[in-house]
Amino acid sequence: MSERLWLVVPAAGRGRRMRAAVPKQYLSLAGRTVLACTLARLHAAFPAARLCLCLDPDDAHFDPAEVPFADWRRVPGGSERADSVANALAAIAGEAQEGDPILVHDVARPCVRVDDLRRLVATVAADPVGGLLAVPVADTMKRDDGAGRVSGTEPRDGLWHALTPQGFAFGLLRRALHDAAERGVSVTDEASAVEALGLSPCLVAGRRDNLKITHPEDLALAEAILAAQGMHDHHADRNDSA
Ligand SMILES: Nc1ccn([C@@H]2O[C@H](COP(=O)(O)OP(=O)(O)OP(=O)(O)O)[C@@H](O)[C@H]2O)c(=O)n1
Ligand SMILES: C[C@](O)(CO)[C@H](O)COP(=O)(O)O
């Protein structure tokens, strides 16, 4: 499976909400960078996959030594996350087959577990549309009134947090992102572009500790999660990157 698997890792963001001196993918985590941690997890799960790493063309922090994959390429990021992913798909258009599985995973999600990665790939490989890792909402959800007060409580039955990775066939995903861009539909994940085609991706229940490092407090959370995950995945990562 992983021989023909393409991994697209959007890593061209500026990390504005993190308010750090460098983009958040280059902050230190578990003795490495966030980027190195995330790529190590992906490589532990899919060592033979082909990696498209979306980077800001002006990225001055990237170190190619942090990439454990044998077959990888750097792809210019775009103005939005969806543009970065679309650029990656355009970069492999001459090699990828319509049905090739594309797995898109945020570089900002270094705590994803190898088991979840492999379960998602196996599930979407057998699904006619594709799908995403997600977790059911566990908190009561409030909508604000724009002035810092509650305007109402949203029903949470059937509500999920979309995570990554998200997996779809190359042809479908490229068409979905192109159509969304053509129609001016803003999408913040791959699944919403596929939904805009009228399709329904499958939800694959994942772990709640698949945190997206977004705000300053998230880095310490990620450190604690990786420590709590112990030698299992961490050992696999270390073995992988040794
Ligand atoms: N033009 C962009 C914007 C984001 N990303 C990537 O998409 C993922 C999710 O985006 P987000 O968490 O919003 O990262 P940033 O855009 O860097 O954060 P912010 O919105 O706070 O600036 C990240 O891995 C980020 O690097 C990307 O590849 N290209
Ligand atoms: C793709 C994603 O991680 C799913 O939750 C999320 O949509 C990314 O959003 P961001 O604003 O680009 O971080």
Side-chain angles (χ1 to χ4, degrees), residues 6-27 29 33-42 51-62 66-67 72-91 102-112 116-117 120 124 130-138 141 159-168 173 176-177 180-181 185-196 201-219 221-222:
W6 295 91
L7 297 176
V8 172
V9 176
R14 299 289 174 88
R16 292 179 183 85
R17 288 170 284 179
M18 200 71 197
R19 301 199 300 276
V22 299
K24 61 190 179 183
Q25 53 270 37
Y26 298 112
L27 293 173
L29 177 66
T33 62
V34 170
L35 180 144
C37 287
T38 302
L39 294 184
R41 283 287 160 95
L42 291 169
L51 170 68
C52 294
L53 186 60
C54 309
L55 295 174
D56 185 323
D58 300 325
D59 186 327
H61 306 277
F62 174 65
E66 293 195 327
V67 181
W72 71 280
R73 68 202 70 190
R74 177 175 182 163
V75 173
S79 54
E80 300 296 331
R81 180 184 179 283
D83 302 314
S84 297
V85 175
N87 287 353
L89 299 185
I102 305 289
L103 202 70
V104 184
H105 183 62
D106 296 332
V107 78
R109 291 184 188 269
C111 302
V112 66
D116 273 6
L117 289 167
L120 180 82
V124 300
L132 64 149
L133 280 184
V135 288
V137 165
M141 305 301 285
L159 272 190
W160 294 66
H161 295 281
L163 309 174
T164 69
Q166 305 195 6
F168 298 96
L173 184 55
L177 291 172
V185 174
S186 171
V187 293
T188 55
D189 71 343
E190 288 65 55
S192 43
V194 172
E195 293 157 42
C202 69
L203 289 159
V204 180
R207 292 172 55 98
R208 295 175 57 82
D209 59 5
N210 179 3
L211 168 79
K212 182 165 70 73
I213 296 174
T214 305
H215 300 103
E217 64 271 23
D218 294 335
L219 194 64
L221 274 177

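Whatever order the structure lists them in is the order used to number ligands and atoms, beginning at 1. Since we're looking at a predicted model, the values are computed, not measured.
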Numbering as shown, the atoms of ligand 2 that approach [X] to under 4.0 Å (heavy-atom distance):
| X | value |
| --- | --- |
| T188 | 1 (C), 6 (C), 7 (O), 8 (C) |
| A162 | 4 (C), 5 (O) |
| T164 | 1 (C), 3 (O) |
| R109 | 2 (C), 3 (O), 4 (C), 5 (O) |
| R17 | 10 (P), 11 (O), 13 (O) |
| D106 | 1 (C), 2 (C), 3 (O) |

Closest contact, heavy atoms only, [X] versus [Y]:
| X | Y | value |
| --- | --- | --- |
| L35 | A11 | CD1-CB, 4.5 Å |
| L120 | Q166 | CD2-N, 4.2 Å |
| V8 | C54 | CG1-SG, 4.0 Å |
| R17 | K212 | NH2-NZ, 3.9 Å |
| G206 | V135 | O-CG1, 3.1 Å |
| N87 | P76 | ND2-O, 2.9 Å |

Problem set entry | Pairwise side-chain contact, D106 with R81, heavy-atom cut-off 4.5 Å (strictly under) | yes

Exercise. Got L7 and H105 here, is their nearest side-chain heavy-atom distance under 4.5 Å?
Worked result: no

Problem set entry | Within-cut-off N or O pair, D189 and ligand 2, under 3.5 Å | no

For this session: May I ask you to check whether R81 has an N/O atom sitting below 3.5 Å from an N/O atom of ligand 2?
Result: no

For this session: Among E66, Q25, K24, find the residue that satisfies the side-chain hydrogen bond (donor to acceptor under 3.5 Å, both in side chains) test when tested with T33.
Result: E66

Problem set entry | Option from D189, V124, L132 for which side-chain contact (heavy atoms from CB on, under 4.5 Å) with P201 holds | L132

Exercise. Given that the side chain starts at C-beta and the backbone is N, CA, C, O, which of these parts of K212 lies under 4.0 Å from ligand 2, counting heavy atoms, or is it both or neither?
Worked result: side chain

Seminar exercise, completed: Using heavy atoms and a strict 4.0 Å limit, residues surrounding ligand 1 turn out to be P10, A11, A12, G13, R14, G15, R16, R17, K24, G78, S79, E80, R81, S84, D106, V107, A108, K212

